Amino acid sequence: MYLFLKKNSGEMNKQSDVIRITEFLILAFGLPALCLLLFQMSGNTIFHFIVYGIEGASPMLAAIIVVAIHGKKEGIGKFLHDKYISNVSPVICILAFAVPFTILTIAKMIAVWMGDLYVYPMFPTAGKMLIISWALIAEELGWRGYLQDELEKILPHCLIPFLTGVLWALWHYHFVLSGSMDIPIVAFASGCIFESYGYFAITKMAKNNILPASIWHFTGNLIFNIYRFDPQWHNGDTTFYWIATVCYGANIILFILYERKKTRNELAK
């Protein structure tokens, strides 16, 4: 009887996890669609700017809403404290800057060797810099702070970054539809998946604190723009974009190293 009740309880918990994940995804994907609709209804520049900000922050907003609905007494306060305040590690934050910077610098060196004419880095415009900086708070609370943790309850570790990366890539549909992203879709999706393995490792190293993931996201976007990998700088040629994407594959190495260290620590106990 005990085993039967335990099994039923486990199945009910799993169903609850799936429901929460589904609610998160509906909100994360649905809010941008609503923003696109609102964007078409007004020509006001300030209104467009606000809507664009909400659009980009939809993963964060989705996580907060779902936690508010299903959270216990501590609710949102505990969730935010756990994700931003607890277990802050300056060393891991520095690593979160160093990894994407190093990967993209190596990619740029390869690109220059292969004939990239835009050898010299160029700092983004103020408007572009504001959009890039929004990555510090807009997305990671949702993708790595909420979805990744929820998927960990129902999936093996090796599948979590892959699925998170696929969903993260698909979420960008609204930027493509609005014309603000004009990139090779397959390369972009591959990069999201590769990066998600690095995000998983760095987040787990930080004991689920998402400051490192936020720093990583900001750094990757910034350096990608400074090194001008976007096809628009190369008359639509996607070669250099693909170089950066392939180099992102190094994130899988970080994931493997983390998993091996975790396994050794568990065996040593």
Side-chain angles (χ1 to χ4, degrees), residues 31-32 35-36 38-39 43-61 83-84 90 92-109 111-112 116-145 168-169 171-184 187-188 191-192 194-196 198-199 202 210-236 238 240-241 243-245 247-248 251:
L31 284 173
C35 288
L36 283 177
L38 292 173
F39 200 87
N44 185 282
T45 304
I46 296 176
F47 180 76
H48 281 185
F49 184 76
I50 294 171
V51 169
Y52 189 82
I54 295 171
E55 191 178 338
S58 56
M60 174 187 71
L61 296 173
K83 297 304 175 185
Y84 287 110
I92 296 176
C93 287
I94 292 171
L95 182 64
F97 168 81
V99 172
F101 175 80
T102 301
I103 289 173
L104 289 175
T105 298
I106 292 171
K108 181 63 175 178
M109 292 169 64
V112 171
D116 183 359
L117 297 177
Y118 291 93
V119 176
Y120 300 103
M122 187 179 78
F123 205 78
T125 62
K128 188 73 172 178
M129 192 63 202
L130 184 59
I131 294 172
I132 293 170
S133 298
W134 192 228
L136 282 167
I137 58 173
E139 293 187 44
E140 292 311 318
L141 184 66
W143 301 127
R144 259 54 68 165
W168 180 31
W171 171 82
H172 287 80
Y173 77 92
H174 52 101
F175 292 131
V176 176
L177 291 178
S178 65
S180 56
M181 277 181 70
D182 184 17
I183 53 175
F188 175 75
C192 286
F194 289 152
E195 275 203 280
S196 290
Y199 280 128
I202 203 78
I210 63 162
L211 279 178
S214 301
I215 292 170
W216 184 313
H217 198 147
F218 166 77
T219 303
N221 286 357
L222 177 62
I223 302 303
F224 195 93
N225 278 272
I226 288 176
Y227 286 165
R228 294 186 277 187
F229 284 112
D230 198 297
Q232 68 174 325
W233 290 104
H234 307 282
N235 297 316
T238 62
F240 305 108
Y241 192 105
I243 290 171
T245 298
C247 287
Y248 272 141
N251 287 298

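What you see is a predicted model; the values in this text were computed from it and never measured. Residue numbers run from 1 in the order of the sequence given.
- Annotation: side chain to side chain contact (heavy atoms under 4.5 Å, CB included) contacts of Thr102 (sequence neighbours excluded): Ile106.
- Counting all heavy atoms, side chain and backbone alike, Leu211 lies closest to Tyr84 at CD1-O, 3.5 Å.
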Problem set entry | From CA spacing to verdict: side chain to side chain contact (heavy atoms under 4.5 Å, CB included), Met129, Leu222 | CA-CA 8 Å; Met129 192 63 202; Leu222 177 62; 3.7 Å; yes

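- Across all non-hydrogen atoms, the minimal contact from Leu95 to Pro100 is O-CD, 4.4 Å.
- To the nearest 0.5 Å, atom CG of residue Leu31 and atom CG of residue Leu36 are 11.5 Å apart.
- In this structure, His234 contributes its side chain and Arg228 its backbone to a donor-acceptor pair below 3.5 Å.
- Between the NE2 atom in His217 and the CH2 atom in Trp168 there is a gap of 5.0 Å [rounded to 0.5 Å].
- Remark: Phe229 engages Phe224 in a ring pair (Phe, Tyr, Trp, His ring centres under 6.0 Å) (not counting sequence neighbours).
- Under the 4.5 Å side-chain criterion, counting only non-hydrogen atoms from C-beta, Tyr241 is in contact with Thr245.
- The distance from the CG atom of Asn221 to the CD1 atom of Ile226 is 11.0 Å, given to the nearest 0.5 Å.
- With sequence neighbours left out, Ser58 forms a side-chain hydrogen bond (donor to acceptor under 3.5 Å, both in side chains) with Trp171.
- The two residues Gly145 and Ile210 have their closest heavy-atom pair at CA-CG2, 3.6 Å.
- The aromatic rings of Trp216 and Tyr199 lie tilted to each other, with the angle between the two planes from 30° to 60°.
- Residues Ile243 and Ala107 share a closest heavy-atom pair of CG2-O, 3.5 Å.
- Looking at every heavy atom in both residues, Ile132 comes nearest to Pro124 through CD1-CG, 3.9 Å.
- Going from atom SG of Cys247 over to atom CE of Met109 covers 10.5 Å, rounded to the nearest 0.5 Å.
- In this structure, Thr125 contributes its side chain and Lys128 its backbone to a donor-acceptor pair below 3.5 Å.
- In this structure, the side chain to side chain contact (heavy atoms under 4.5 Å, CB included) partners of Phe97, at least two apart in sequence or on a different chain, are Phe101, Ile215, Thr219.
- Rounding to the nearest 0.5 Å places CH2 of Trp143 at 9.5 Å from OG of Ser196.
- Atom CD1 of Ile183 is separated from atom CG of Asp230 by 7.5 Å, given to the nearest 0.5 angstrom.
- For Pro212, the side chain to side chain contact (heavy atoms under 4.5 Å, CB included) criterion is met by Ile92, Cys93, Ala96, Ile202, Ala206, Asn209, not counting sequence neighbours.
- Taking the six-membered ring where the residue is Trp, Tyr52 and Phe175 present tilted rings, their angle falling between 30° and 60°.
- The list of salt bridge (Lys or Arg N to Asp or Glu O under 4.0 Å) pairs with a residue in residues 129-145, not counting sequence neighbours, reads Glu140-Arg144.
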